[in-house]
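What follows is a short report on a single structure.
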Amino acid sequence: MISIGGRAIGPGHPPFVVAELSGNHNGSLERALAIVDAVADAGAHALKLQTYTPDTLTIDCDAPPFRVGDEHELWGGESLYRLFERAHTPWAWHEPIFERARERGLVAFSAPFDPTAVELLEKLGAPAYKIASSEIVDLPLIRLAAGTGKPLIISTGMASVSEIEAAVSAAREAGCTRLAVLSCTASYPASPVGEQPARAAAAGRDHGPRSWGCPTTRQGSAPRWRRWHWGPA
C-alpha cells in the first residue's frame, strides 16, 4: 500500500482514478482549467500533467530521424519539435493548473522528462512523480525523482521486462519506498483492456500496488482521457 495526497492506494482500497491533461488543452490555459473542472465534476481523484518543453526533449531539426513516421495515423511526417511545441504544457501554466486542481479537491502531479522539470515540480509541491514508459530507460531521471522521497509511479507500456527490472532497481537504490508499477499499453487509443497483452506478473511482482492504465477514448485528433483504475490485481 502507498499513499498519494493522503489517499491510500493498494489492495483493500478503492481504485485511484487519474485523468490525463497532457496536450488536451490545445494551447489554451482557459481550456486547461476547464478540463480540471471537468475532471473534478466527473469524480476522478487526481490530475496528471506532463512537464517538458520541446527543447528538453529534442532539437529543432526536420531531418527524417526527427519526424514522426509517415504511417502514423495522427502525426505522420510531422516534426517532433513542432509536435512537442504544440502539445507541451508551458511551465508558467503549471502553478495555476495545480492551484485549480487543489481547489477542486484533486491530487495534482506530473511526469517530468528531465531534471529541470523535477526542479519545477518540487517548487510546486508535487506529491508524487510519474515516469513515462518512454523514459523508463532514463535511470538518472528515475533516481532523481525517487530521491525526492515521494511516491513514484512507473509506466511500462514501451518497456521490456529487463528494462522494467532495471528501472525498479534504480528507484529502490535511490531510496524509493513507495513505488507503483503500471502494466500499460502504449497504443493510442487502446482497445479494451481485456484485449491487451498483460505483463502484470512482470510489472507488478514485488514492486508495490499492481495496476493498469491505458488511453481509452479519443475525441477529435488526439487521445482525451486516460483512466487508471488502480487497485489490487
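Residue indices begin at 1 and follow the sequence shown.
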Which residues share a side chain to side chain donor-acceptor pair (under 3.5 Å) with T116, sequence neighbours left out
D114

The complete set of salt bridge (Lys or Arg N to Asp or Glu O under 4.0 Å) pairs with one or both residues in residues 141-160, sequence neighbours excluded, reads E122-K150

With sequence neighbours left out, what residues match T89 under side-chain contact (heavy atoms from CB on, under 4.5 Å)?
H25, L49, W93, H94, I97

Return yes if some donor-acceptor pair links the side-chain N/O of S79 with the main-chain N/O of Y81 below 3.5 Å, else return no.
yes

Restricting to side-chain contact (heavy atoms from CB on, under 4.5 Å), what partner residues turn up for A146, sequence neighbours left out?
L152, A171, A174, C176

All side-chain contact (heavy atoms from CB on, under 4.5 Å) counterparts of R178, not counting sequence neighbours
I2, P151

Can you get from L57 to L80 by hopping between Ile, Leu, Val, Met, Phe, Trp and Tyr side chains that sit under 4.5 Å apart?
yes

Going by the salt bridge (Lys or Arg N to Asp or Glu O under 4.0 Å) test, which pairs reach into residues 152-162, not counting sequence neighbours?
none

Results of side-chain contact (heavy atoms from CB on, under 4.5 Å) for L144 - residues two or more places apart only
P115, V118

Taking only residues two or more places apart in sequence, or in another chain, which ones meet D70 in a side chain to side chain donor-acceptor pair (under 3.5 Å)?
none

Qualifying residues under side chain to side chain donor-acceptor pair (under 3.5 Å), relative to E78, sequence neighbours excluded:
R86

Once side chain to side chain donor-acceptor pair (under 3.5 Å) is applied, do any residues pair with D37, and if so which ones, sequence neighbours excluded?
R100, R104

Apart from I59 itself, which Ile, Leu, Val, Met, Phe, Trp or Tyr residues share its cluster (side-chain heavy atoms under 4.5 Å, direct or through members)?
F66

Carboxylate-amine/guanidinium contact E99 R102, below 4.0 Å
no

Return the set of residues passing ring-ring contact (aromatic ring centres under 6.0 Å, His included) with F113 (not counting sequence neighbours), or none when no residue passes.
Y52

